[in-house]
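Everything on this sheet refers to the single structure shown next.
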Amino acid sequence: METITVILLMLLAVVVSDSIVRALPLPVPLPLVQIGLGALIASVTTIRVELDPDIFFLLFLPPLLFLDGWRIPKEGLFRDKGIILEMALGLVVFTVVGLGYLIYWMIPSIPLPVAFALAAIVSPTDPIAVSGIAARVPIPSRMMHILEGESLLNDASGLVCMRFAVAAMLTGAFSISDAFFTFLWLAIGGIAIGVGVTLGVTRGKAFLARHLGEESGSQILISLLIPFGAYLLAEHVHASGILAAVAAGITMSYAEITGQALAVTRVRRTAVWDTVQFAANGAIFVLLGEQLPGIFSGAVENIAAGRSSPWWLVVYIVVITLALGALRFAWVWASWSITLSRTAGTREQILVRPSWRLVATMSVAGVRGAITLAGILTLPLFLYDGSLFPARDLVIFLAAGVIILSLVVASIALPRLLNNIEVPVEASHRKEEDYARIAAAEAAIMAVERAQHDLAAGRPDADLYADVAAQIMELYRKRIDGRMRLGEEREQTAQTDEVEKVLFTTALKAERQEIYRLVRARRLETAVATKMVRDIDLLEARYG
């Protein structure tokens, strides 16, 4: 009962946190509110959560990484692959080495492998927290795509580096050659397993759906199980479960292009995954807040053993956060300058150096979040000889402090840096969208014509089918005509579409309210009303 109570309290805190953020006049990051609620729960209740690192890792990381890989825009990922790889791999190694030695020099009580583990786990960034901070000053889409791509890959690289550092602490030895070949197996094996699991599962369920039909509930449950299956299988063969979950998500996005799932399945599945993402991310931060009092007391004891004041904890957090920002600023400035100069040389373009505001924005936007917290909480409790893992509470507290401070700094500085910022011009996809919509409408007209002829063949009421088909095809012809216009006519069509969206949405809301009124008046059965409202919701989602 106590475990169930803890879970319910955490989920309730996640729900309340969203309402608090919406009510606040200032754009306070959602994770900060969730951390505060977690600390409040710890202060007013006697409930304490004992975390098992392996179970914590398994519960939270696979679905979050899988969903990131599934939803990230692949075109932006491949277009800016050079910059993303430099930041996701090179920056992580640069941060681990530079920050690791700084922590080891600054805090002698932390062994060097543990210092490297802390540096590795604070390397991954969290674009979800960034998007929440910049809600009132939207981040340019290309910058957000780079942040998302970096986050997707540096989650894996940072966690793998932490794994090597922890292994060195546990075994007391580290070999570069062994680490290199181990990394190859972790990467290749994890990616192969992630791709294989997703392809096998999606093709298997497609085969069953063709022969037995599709049930939305089972399809959604399968999608929820894929990341856990890929992660567990990879870990079983000592490959990277993290990379397996990421690769499974990316493969899932390509498997979805086949369009085999029913429309209702996709709508319901999106809603379920949105809920899972919101609950998992929120629960991690609430859990951090709940653990903070115990982590702080353990960190104070560790500092006191070294005869230092607890105020040094604040100094350490500030120094580590500033060092992270400085390392990120230097890397972004250098790597972007090199990448842009190389691109300008190959395309015969004028070289444009990145402005300091752009580099500063990318540096501040590198806030730490759920992955950092999930990773640092998985540090083992004991060494192989049975002794306590050195400075565990201290490094967990430092990582938590870095998360909080980076969120605070970003919430203050990011809106100001983003105000009227100049970013490289991003190519418009308007022509591609127009072409795709015209092609889709033409395919729809042809399909309606064929279906009308097949349905009306040999029937006495063939004219009825022809009239209905003509009405449907006229809607698609108007859509084609509007997309083919240019200049002022095109702008007028766009304005017409916007007005149609507003009026149609208003009409649908009125329909829904009237249906609910009839149910309350007991003039319509609930089952019938549910079906009608679902149809209206699907129509409204199209205009949402």
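Please read these numbers as outputs of a predicted model, since none were measured by experiment.
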If you compare all heavy atoms of V14 against all heavy atoms of G282, which two are closest, and at what distance to 0.1 Å? CG2-C, 3.5 Å
Side chain to side chain contact (heavy atoms under 4.5 Å, CB included) evaluation trace for T378 with L159: CA-CA 10 Å; T378 61; L159 290 168; over 6 Å; no
Among Y231, W273, F228, F60, which residue meets the ring pair (Phe, Tyr, Trp, His ring centres under 6.0 Å) test with F66? W273
Approximate separation, where rounding is to 0.5 Å, of L30 CG and S411 OG: 12.5 Å
Below 4.5 Å, heavy atoms only, C-beta onward: do T251 and V197 meet side chain to side chain? no
Take the angle between the ring planes of Y101 and F116 and call it parallel below 30°, perpendicular above 60°, tilted in between. perpendicular
With a 4.5 Å limit on heavy-atom distance, are the side chains of M362 and M87 in contact? yes
Taking the side chain as everything from C-beta on, heavy atoms only, tell me whether E290 gets closer than 4.5 Å to L9. no
Separation between CG (L398) and CG (L313), nearest 0.5 Å, reads 6.5 Å
Answer whether the closest heavy-atom distance between the side chains of L394 and I107 falls below 4.5 Å. yes
Nearest heavy-atom approach of R368 to S123 is NH2-O, 3.4 Å
Side-chain polar contacts of residues 89-99 - donor-acceptor pairs under 3.5 angstrom, sequence neighbours left out - could you list them?
| unit_1 | atom_1 | unit_2 | atom_2 | d |
| --- | --- | --- | --- | --- |
| T95 | OG1 | L91 | O | 2.7 |

Separation between CG of L37 and CG of L32, rounded to the nearest 0.5 Å: 11.0 Å
Any V15 side-chain heavy atom under 4.5 Å of L11 side chain: no
Does S151 use its side chain to pair, donor to acceptor, with the backbone of L147 at less than 3.5 Å? no
Closest approach of V160 to S240 (non-hydrogen atoms, all atoms of both residues): CG2-OG, 4.1 Å
If every non-hydrogen atom of A88 is compared with every non-hydrogen atom of S157, which pair is closest and at what distance? O-OG, 2.7 Å
Give a yes or no answer on whether the side chain of S406 reaches the backbone of I403 with a donor-acceptor pair at less than 3.5 Å. yes
I'd like to know if the side chain of S253 and the backbone of R71 have a donor-acceptor N/O pair within less than 3.5 Å. no
Separation between CD1 of I320 and CD1 of I103, rounded to the nearest 0.5 Å: 4.0 Å
For S43, which residues count as a side chain to side chain contact (heavy atoms under 4.5 Å, CB included) partner, sequence neighbours excluded? L40
Step by step, would you call F389 with L383 a side chain to side chain contact (heavy atoms under 4.5 Å, CB included)? CA-CA 5 Å; F389 192 88; L383 299 176; 3.7 Å; yes
Please check if the number of heavy atoms outside F278 that lie under 6.0 Å from its CZ is greater than 12. yes
Hey, mind stepping through R328 and T125 against side chain to side chain contact (heavy atoms under 4.5 Å, CB included) and telling me if it holds? CA-CA 11 Å; R328 185 175 176 86; T125 53; 3.7 Å; yes
For side chain to side chain contact (heavy atoms under 4.5 Å, CB included), just list the numbers for L379 and V114, CA-CA rounded to whole Å, side-chain angles, deciding distance to a tenth of an Å, and then say yes or no. CA-CA 10 Å; L379 287 177; V114 180; 5.5 Å; no
Would a 4.5 Å heavy-atom cut-off, applied to side chains only, mark F397 and Y316 as touching? no
Where is the tightest heavy-atom contact between A248 and I226, given as atom of each residue plus distance? CB-CG2, 4.3 Å
Decide yes or no for L64 and I284: does some side-chain heavy atom of the first lie under 4.5 Å from some side-chain heavy atom of the second? yes
Roughly how far apart are Q34 CD and M10 CE, rounded to 0.5 Å? 10.0 Å
Report the distance from atom CG of L405 to atom CD1 of I317, rounding to the nearest 0.5 Å. 7.5 Å
Can you name the closest pair of heavy atoms from A239 and L186 and give their distance? C-CD2, 3.5 Å
Side-chain heavy atoms of P227 within contact of M252, under 4.5 Å: no
